[in-house]
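To find a chain, count down the sequence lines: A is the first, B the second, and so on, and within it residues start at 1. Quick caveat, the model's predicted, so the values are computed rather than measured.
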Amino acid sequence: MSTHITFNPDEMLQIVAPDGSCHESLDPDLDATALRRLYRGMLLTRTVDIRGMILQRQGRIGFYVPSTGEEASQVGSAFALGPSDWIVAAYREPGAAYLRGLSVESFFHQTAGSGKDLLKGRQMPSHFGAKSANFVPASSPVGTQIPIATGVAWAAKIRKDPMVTLVYFGDGSTSQGDFHTGLNFAGVYRVPIVFFCKNNQWAISCPFAKQTASGCVAVKALSYGFEGVRVDGNDILAVYVATKRAVDNARAGEGPTLIESFTYRVGPHSTSDDPRRYRDDAEVARWREKDPILRYRNYLERKGLWSAEDQESLQAELDQEVDDAIESALASPPPDMETLFTDVYEIPTWNLREQLEQAMQKVGQ
Amino acid sequence: MREMFYSHAIREAIAEEMERDPNVFLLGEDVAEYGGAFKVTQGLVGQFGKGRIRNTPICENSFVGVAVGAAMLGMRPVVDIMFQDFITLAMDQIVNHASKIHYMYGGQLSVPIVIRTPAGGGRCYGPTHSQSLEAWFMHVPGLKVAAPATAHDAKGMLKAAIRDNNPVVFVESKLLYGQKGLVPEEDYVVPLGQARVVREGEHLTLIAYSRMVGEAERAATALDREGISCEVIDLRTLAPLDLQSIADSVVKTGRAVVVEEGCLTGGVGAEVSAQIVENCFDYLNAPVQRVAALDVAVPCADALERAALPDAGKVMATVRQLMQKYG
Ligand SMILES: Cc1ncc(C[n+]2csc(CCOP(=O)(O)OP(=O)(O)O)c2C)c(N)n1
Ligand SMILES: [Mg+2]
């Protein structure tokens with residue numbers, strides 16, 4: 001198996017097979033702490049997902065974006081970055097954010113629009129992030145983050161800052177002009193960036209085959225003059241290895257890489273979606289069997305690094321963490337009315353000061 | 001003071017700000033050796049090198065988006081959109097990102113970019129190279145919109161825009177590039193958000209910006225001979241509007257005509273008149289009038305273009321009518 005560009009859709013980098021057996025020569029040989037950290041990151045993401053969906057159904061939060069089935073793509077890729085590297089996110093990568101130290105509590109404060117939300121109750125739920133973690137939250141118009149991320153990476157190169165930027169986007173987003181413009185610019189200026197496409201095969205109800213006739217995403221890199229890589233997105237070690245190589249290349253001045261992480265959106269697009277209307281349950285069931293968390297657990301067990309007791313105690317710990325986070329977020333009062341007007345401009349303009357006064361009068365009445 | 005072309009004043013502003021702050025850099029199509037479509041940036045590449053005067057691939061959305069990203073990392077990009085008409089291709093990056101990132105992300109990131117846009121007609125360039133689209137950007141919270149009318153203001157306001165931590169759409173007039181004005185020797189800025197009384201008058205206030213300030217002045221001079229005394233206000237900045245200066249003048253004269261080069265419907269004049277009516281109604285002796293481009297695409301044929309765009313003659317006709325009825 002080659003780690004190089006392959007455009008046969010059946011051929012992509014895989015290190016851990018579904019049964020947990022490992023392609024020894026490709027194993028990155030991470031130490032036990034790192035291996036466990038990856039597992040924790042995935043299981044945390046799944047745990048939040050299950051609770052997030054329930055909370056929305058209960059009407060306790062307004063909206064949630066699940067990423068079930070895509071945990072390996074998120075966590076494995078983020079793990080390949082250093083703390084001063086930047087991530088520019090789409091909206092389905094909470095696992096990458098947790099791995100960079102953003103707490104589940106801050107996630108739920110954002111989702112609930114509480115007064116402790118770092119984004120001050122302004123951005124859509126599930127679009128969180130923080131400057132402190134060099135994690136730029138999603139803006140939401142899909143694909144538009146790609147040229148912005150190219151700009152972040154380009155500025156780093158201009159400033160001779162060794163940081164690398166990784167940008168996430170979905171398969172559907174590759175149809176946007178911004179995909180082309182962002183990759184084209186990055187290719188021309190050999191910008192230190194990793195374009196990470198989570199090909200979960202669906203863009204709401206639009207299947208991948210109706211998104212592009214290219215057959216795969218990775219091939220598109222050819223036209224921008226840099227390498228494209230296809231990786232089994234349900235194999236966290238493969239995702240990590242492919243991303244690490246791309247990050248190292250970028251840092252060494254070798255320019256961008258496009259990574260296509262081939263995975264599957266097991267859940268609905270969001271809590272506003274019922275996928276049974278447009279896709280076959282059998283297809284979903286087939287992919288449920290390829291669960292990235294189970295596969296990796298098999299790998300850890302084979303290595304003697306994981307046991308049923310480990311599983312039980314970690315799950316209990318994560319349940320507690322998520323419970324506490326939800327409780328804190330739902331108990332917090334909303335942001336102050338005054339904050340409605342701050343940050344529109346660095347210094348509020350007269351019309352905003354006037355509107356603030358009027359708004360406060362209404363609140364007072 | 002020196003006499004200087006409006007275009008040279010802009011170039012000098014860029015050069016001075018680039019010398020002052022290493023984070024300032026210029027990007028856009030053909031801005032380096034070629035010097036930009038209107039030669040505004042000519043010579044800068046010799047002074048600062050290709051590392052800071054950066055030609056980009058032909059893609060407004062990518063280089064505005066890239067500038068947004070670079071700004072988030074602490075750079076201060078000055079983006080050159082060859083013709084304001086092409087800003088449509090960068091609309092998402094301006095409206096959904098540049099303007100909102102500071103707010104949407106809780107003040108954690110800033111986007112200090114300046115988007116320079118040569119606007120307006122009068123050159124027989126036709127419908128897609130002659131527009132004045134600035135009114136759109138007044139409608140977007142988070143953006144500032146600057147539109148200088150003189151070489152002095154072009155330099156001072158561009159320097160202010162580059163130092164501003166908010167995104168600024170900077171409207172330049174293609175026809176003003178070749179006009180000269182007095183520019184101080186020493187370093188100065190013209191703060192954004194402050195209008196200017198160009199000439200004082202008693203009977204009526206003409207409110208204009210960019211190239212239309214000159215047309216309003218010409219109209220005022222001619223009307224003066226007919227016994228109609230016009231005050232002329234140059235808005236200079238469209239967002240935030242300097243309502244105080246507008247109101248001070250309208251309260252004094254009791255009449256207002258807003259002049260703009262963009263289309264009439266939904267234009268700058270619509271907002272300015274609404275503000276005047278809301279805030280100065282008790283002082284008005286006449287309905288607020290607007291002189292603007294016709295609601296058509298700007299035609300290429302000279303005679304048609306002149307018919308479509310406002311000028312001093314049309315301002316005079318409107319003022320005369322107004323004074324006849326409400327004088
Ligand atoms: C510019 C734009 N058009 C449409 C939408 C509505 N929309 C939200 S997500 C989505 C699908 C995106 O699919 P993909 O890029 O594959 O990402 P995924 O949701 O599968 O992670 C669409 C059409 C949007 N957010 N932005
Ligand atoms: Mg998708």
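- With a threshold of 4.5 angstrom between heavy atoms, A/Thr349 approaches chain B through side-chain atoms but not through N, CA, C or O.
- Shortest non-hydrogen contact noted between B/His102 and A/Asp343 is CD2-O, 3.0 Å.
- The backbone N or O of B/Tyr105 sits nowhere less than 3.5 Å from a side-chain atom of A/Arg122 that would complete a donor-acceptor pair.
- For residues 142-162 of chain A, the interface with chain B (any heavy-atom pair closer than 4.5 Å) comprises A/Thr144, A/Pro147, A/Ile148, A/Thr150, A/Gly151, A/Val152, A/Trp154, A/Ala155, A/Ala156, A/Ile158, A/Arg159, sorted by residue number.
- For the set A/Thr339, A/Val191, A/Asp178, A/Leu352, the entry with the most heavy-atom pairs within less than 4.5 Å of chain B is A/Asp178.
- Across all their heavy atoms, A/Ser139 and B/His97 have their closest contact at OG-NE2, 2.7 Å.
- Proximity to chain A (any heavy atom under 4.5 Å) is restricted, for B/Asn23, to the side chain, taken from C-beta onward.
- Using a 4.5 Å cut-off between heavy atoms, A/Val344 contacts chain B through both its backbone and its side chain.
- Within a 6.0 Å radius of CE in A/Met337, no more than 12 heavy atoms belonging to other residues, nucleotides or ligands are found.
- In terms of heavy-atom pairs under 4.5 Å with chain A, the best-connected choice from B/Ser62, B/Ala71, B/Pro141, B/Gly74 is B/Ser62.
- Remark: side-chain polar atoms of B/Gln108 are paired, donor with acceptor, to backbone N or O of A/Lys131 under 3.5 angstrom.
- Within the model, atoms OH of A/Tyr345 and OG of B/Ser99 stand 8.5 Å from one another, a figure rounded to the nearest 0.5 Å.
- The greatest number of non-hydrogen atom pairs below 4.5 Å with chain A, out of B/Gln244, B/Arg54, B/Arg52, is found for B/Arg54.
- The OG atom of A/Ser140 sits 12.5 Å away from the NZ atom of B/Lys100 when rounded to the nearest 0.5 Å.
- Ranked by heavy-atom pairs under 4.5 Å with chain A, the first of B/Gly142, B/Ala70, B/Pro77, B/Gly107 is B/Gly142.
- If you measure heavy-atom distances from A/Leu340 to chain B, the contacts under 4.5 Å come from both the backbone and the side chain.
- Between the side chain of B/Tyr103 and the backbone N or O of A/Phe341 there is no donor-acceptor pair closer than 3.5 Å.
- Residue A/Met124: no heavy atom, backbone or side chain, is found under 4.5 Å from chain B.
- Atom CH2 of A/Trp350 and atom CG of B/Leu243 lie 4.0 Å apart (nearest 0.5 Å).
- Contact annotation for B/Gln275: only side-chain heavy atoms (C-beta onward) come within less than 4.5 Å of a heavy atom of chain A.
- For A/Tyr189, the part sitting under 4.5 Å from any heavy atom of chain B is the side chain, from C-beta outward, and nothing else.
- Heavy-atom distances place both the backbone and the side chain of A/Ala130 under 4.5 Å from chain B.
- For a residue to count as touching a neighbouring chain, one of its non-hydrogen atoms must lie under 4.5 Å from one of that chain's; by this rule A/Thr342 touches chain B with the backbone only.
- Contact of B/Ile58 with chain A is not made at all, since no heavy-atom distance falls under 4.5 Å.
- Considering SG of B/Cys59 and NE2 of A/His180, their distance stands at 6.5 Å, rounded to 0.5 Å.
- Of the inter-residue distances, the one linking B/Asn166 atom CG with A/Ile347 atom CD1 reads 8.0 Å to the nearest 0.5 angstrom.
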